[in-house]
Amino acid sequence: MRALQLTLLASVMAAPLSAQETRELDAHVHGVSTLELAIEDGIVEMSLMSPGMDIVGFEYSASTAADKDAVESALRKLTVPENVVTLPEAAECRLAEVLVHVHSEDHEGHDEDETHGHGDHEKEAHGHDEHEHEDHNDDAHEHDKQEHDDHDDDAHEHAEHGQHNEFHVRYKFACDHSDDLSAITFPFFAQFEHAQEIEAQYVTETGSGLAEIERDAPQLSLE
Amino acid sequence: MILRLAAQSLWARVLTVGMTILAIALSVALFLGVEKTRTGARASFADTISGTDLIVGARSGSVQLLLYSVFRIGNATNNVTWQSYQDIAARPEVDWIVPISLGDSHRQFRVMGTTDAFFTRYKFRGGRSLGFSQGQGLNDLYDAVIGADVAATLGYSVGDPIIVSHGVASFTEHDDQPFRVSGILAKTGTPVDRTVIVGLEAIEAIHVDWKNGGQTGRTTPAEVIRQMDLTPTAITAALVGVNSRLQIFKLQRWINEYPEEPLLALLPGVALQELWQIVGVAEKALIGVSGMVVVTALLGMMAMVFASLNERRREMAIWRAMGARPMTILGLLVLEAMLMAGIGAILGYCLLYVGLLGLRPWVDSAFGIWLPIEAPSIRELWVVTGVVGAAALASLLPALRAYRLSLADGMMVKI
């Protein structure tokens with residue numbers, strides 16, 4: 001009973017706190033994806049965040065069948081790292097983990113769902129380590145479902161609401177010769193015609209750095 | 001043979017040729033100087049911090065935070081509460097964290113409050129650690145460690161008293177609580193050389209009698225202050241090292257999305273690149289302008305050669321009479337121009353090195369940029385080749401004219 005009272009008290013106290021929401025939005029530029037790349041002890045971890053505009057050409061949640069197909073096929077493409085990134089052969093890298101999902105910025109509940117998704121998926125991906133990439137496609141389907149249909153109403157007003165869908169991709173590679181990771185190329189631009197630029201932040205043995213990977217020169221060189 | 005001819009012909013007109021060479025030399029020196037300063041500044045900045053994975057401060061621009069916290073340049077950023085600092089320190093990704101507190105000064109030098117860990121964690125120039133040339137680190141509340149430039153400029157040695165001023169360039173002194181120099185750091189070529197380092201608690205201690213930016217009038221004796229809880233309420237920034245590089249971005253995102261306080265975590269290398277992207281425009285403009293100066297000098301040389309053609313008409317005619325082909329005369333003029341440009345470029349180099357030797361200490365102390373004096377780089381040799389090549393091209397015009405004239409004039413020159 002006492003515990004219940006405490007819980008009640010806690011929830012009453014928590015209410016005004018949650019009402020005091022912070023309003024902030026991340027920077028969002030159409031045509032510019034961001035890449036975070038870290039290399040340590042033969043492990044290459046990269047996460048790519050692309051605005052929906054770059055990948056499928058629209059940023060509202062997919063409502064029509066055609067839109068949904070587009071999102072689905074994009075997700076399928078992204079689950080195959082070869083479509084996005086090419087590591088030098090000399091480095092002898094093997095794929096260890098893939099994580100792909102669509103992220104929409106303005107629904108808090110949705111975000112939480114996705115966090116759970118992360119965890120589940122990660123576990124799955126670990127289990128799938130040695131499998132073919134096709135397996136991952138199933139996962140992508142699952143993630144499609146996370147796109148709730150309740151976005152539909154907002155779809156046409158997305159400009160005013162600042163609603164933006166983002167594709168998040170995370171790859172993890174294990175490399176035998178990570179010293180040979182001198183340059184990484186991005187077939188990404190060939191796959192997604194709306195993508196113009198990737199802003200890459202990287203951390204390697206020698207420190208951190210920033211590079212812009214352009215459609216014309218889709219390569220990131222790491223000294 | 002023709003080279004000797006060209007050299008002697010130049011020597012015969014030493015005054016005008018000398019002026020032309022001087023103009024080329026100055027322009028080359030300017031161009032190379034701009035280039036040198038640019039690369040020197042970049043190297044200096046890049047060498048100033050290494051081994052630190054993240055720098056955390058109040059949310060501002062990453063360039064501003066980096067410049068203020070590491071280089072002590074530019075506008076101050078807001079402070080970070082001690083509580084947020086401890087939240088970050090408690091993160092599992094964090095291997096080490098060193099707080100930094102700025103705001104006071106000693107003479108023209110900044111005073112930085114930090115912890116002893118700074119001396120082991122701060123790395124510069126590709127992982128070198130700080131070393132003491134005299135004395136040791138902070139053992140007492142009122143100990144201060146000074147950088148090499150501070151010691152050299154103010155003539156301090158270990159054991160000397162130091163009085164910290166409140167704020168920067170102010171006349172209010174914390175003279176009730178003098179510090180003692182406990183150690184002098186070896187020269188690093190970084191802003192640390194121009195910093196007085198004290199303990200984080202010491203920064204609190206000297207502000208015990210200060211409330212809301214003013215002195216309260218009371219003077220709490222040092223013995224009482226030593227007994228007080230001197231945990232700071234705020235710091236300026238913190239240097240963070242993570243356990244694994246793979247966690248940097250995760251930690252960065254956590255800090256940037258920290259709900260209780262608007263914070264900013266930056267990767268030093270990334271922030272520097274951002275800075276270069278901004279500065280790059282100005283750099284290009286500078287290179288453009290200094291390049292135009294070289295072009296102007298070469299145009300001046302061209303004008304000089306044109307002007308000399310008339311007075312040398314008879315000379316040309318004599319050469320023709322002695323069997324020189326018109327082609328030889330063209331070659332002679334181009335060779336003369338290349339000689340002038342070559343001598344000018346080499347002289348420009350000498351000027352640059354003399355200038356570097358003279359200005360280096362000043363640039364170092366005023367801007368914290370260490371300009372290395374080294375053998376010319378491949379790029380700089382290309383500049384010299386380019387200048388000589390451009391001179392050859394520029395002289396072609398007057399040379400072609402001489403070629404035509406010498407064909408037409410023959411011996412019968414009517415002047």
Side-chain angles (χ1 to χ4, degrees), chain A residues 14 17-18 20-27 32 34-49 96-97 99 103 105 108 111 115 118 122 166 168-175 178 181 197 199-214 220-223, chain B residues 42-43 45-56 59 61-63 66 70 93 95 123-128 239-280:
Chain A
L17 273 179
S18 61
Q20 198 186 9
E21 54 170 340
T22 44
R23 279 183 295 273
E24 52 180 8
L25 289 170
D26 291 332
V32 180
T34 53
L35 174 78
E36 292 170 352
L37 177 89
I39 304 176
E40 187 178 60
D41 298 334
I43 302 288
V44 179
E45 228 179 61
M46 55 180 85
S47 56
L48 180 74
M49 282 144 278
E97 198 181 306
L99 193 92
H103 178 99
E105 265 175 12
E108 277 176 46
D111 282 356
T115 326
H118 274 276
E122 261 179 64
E166 263 197 341
H168 285 199
V169 184
R170 217 177 82 194
Y171 302 133
K172 194 166 165 183
F173 297 92
C175 301
S178 55
L181 287 166
E197 188 185 321
E199 205 166 87
Q201 299 186 20
Y202 55 87
V203 202
T204 65
E205 221 87 29
T206 49
S208 55
L210 176 75
E212 274 168 19
I213 308 162
E214 311 268 350
L220 169 68
S221 61
L222 307 162
E223 318 88 73
Chain B
R42 286 199 175 207
F45 271 77
D47 279 346
T48 295
I49 187 144
S50 82
T52 296
D53 293 315
L54 288 172
I55 296 172
V56 181
R59 192 169 302 165
S62 52
V63 171
L66 178 80
V70 178
E93 296 95 346
D95 179 27
K123 298 268 167 46
F124 64 99
R125 208 164 297 164
R128 270 194 251 178
L239 310 179
V240 177
V242 294
N243 289 314
S244 157
R245 271 197 289 282
L246 303 178
Q247 298 167 334
I248 290 181
F249 291 113
K250 189 179 161 210
L251 181 64
Q252 185 190 26
R253 198 165 303 123
W254 184 86
I255 294 170
N256 286 342
E257 289 170 1
Y258 184 72
E260 280 82 9
E261 193 177 348
L263 297 177
L264 173 72
L266 62 86
L267 291 105
V270 170
L272 264 183
Q273 286 288 331
E274 280 174 20
L275 176 64
W276 298 137
Q277 282 178 0
I278 302 165
V279 176

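Proteins get letters first, then strands, A, B, ... in listed order; numbering begins at 1 in each. Quick caveat, the model's predicted, so the values are computed rather than measured.
- Of the residues considered (A:Ser208, A:Ala38, A:Gly209), A:Ser208 shows the highest number of contacts with chain B, using heavy-atom pairs under 4.5 Å.
- In this structure, the portion of A:Thr204 lying under 4.5 Å from any heavy atom of chain B is its backbone and not its side chain.
- Both the backbone and the side chain of A:Glu205 come within less than 4.5 Å of a heavy atom in chain B.
- Residues in residues 259-268 of chain B take part in no salt bridge (Lys or Arg N to Asp or Glu O under 4.0 Å) pair, two or more places apart or across chains.
- For B:Ser244, the parts lying near chain A are the backbone and the side chain together; criterion is any non-hydrogen pair under 4.5 Å.
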Compile the donor-acceptor pairs under 3.5 Å between side chains in residues 267-279 of chain B and protein atoms, sequence neighbours left out, one pair per line.
residue, atom, partner, partner atom, Å
B:Glu274, OE1, B:Ser62, OG, 2.6

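- Within residues 41-48 of chain A, the residues approaching chain B closer than 4.5 Å by heavy atoms are, in numerical order, A:Ile43, A:Glu45.
- By a heavy-atom distance cut of under 4.5 Å, B:Leu246, B:Ile248, B:Phe249, B:Gln252, B:Arg253 are the residues of residues 246-256 of chain B near chain A, going up by number.
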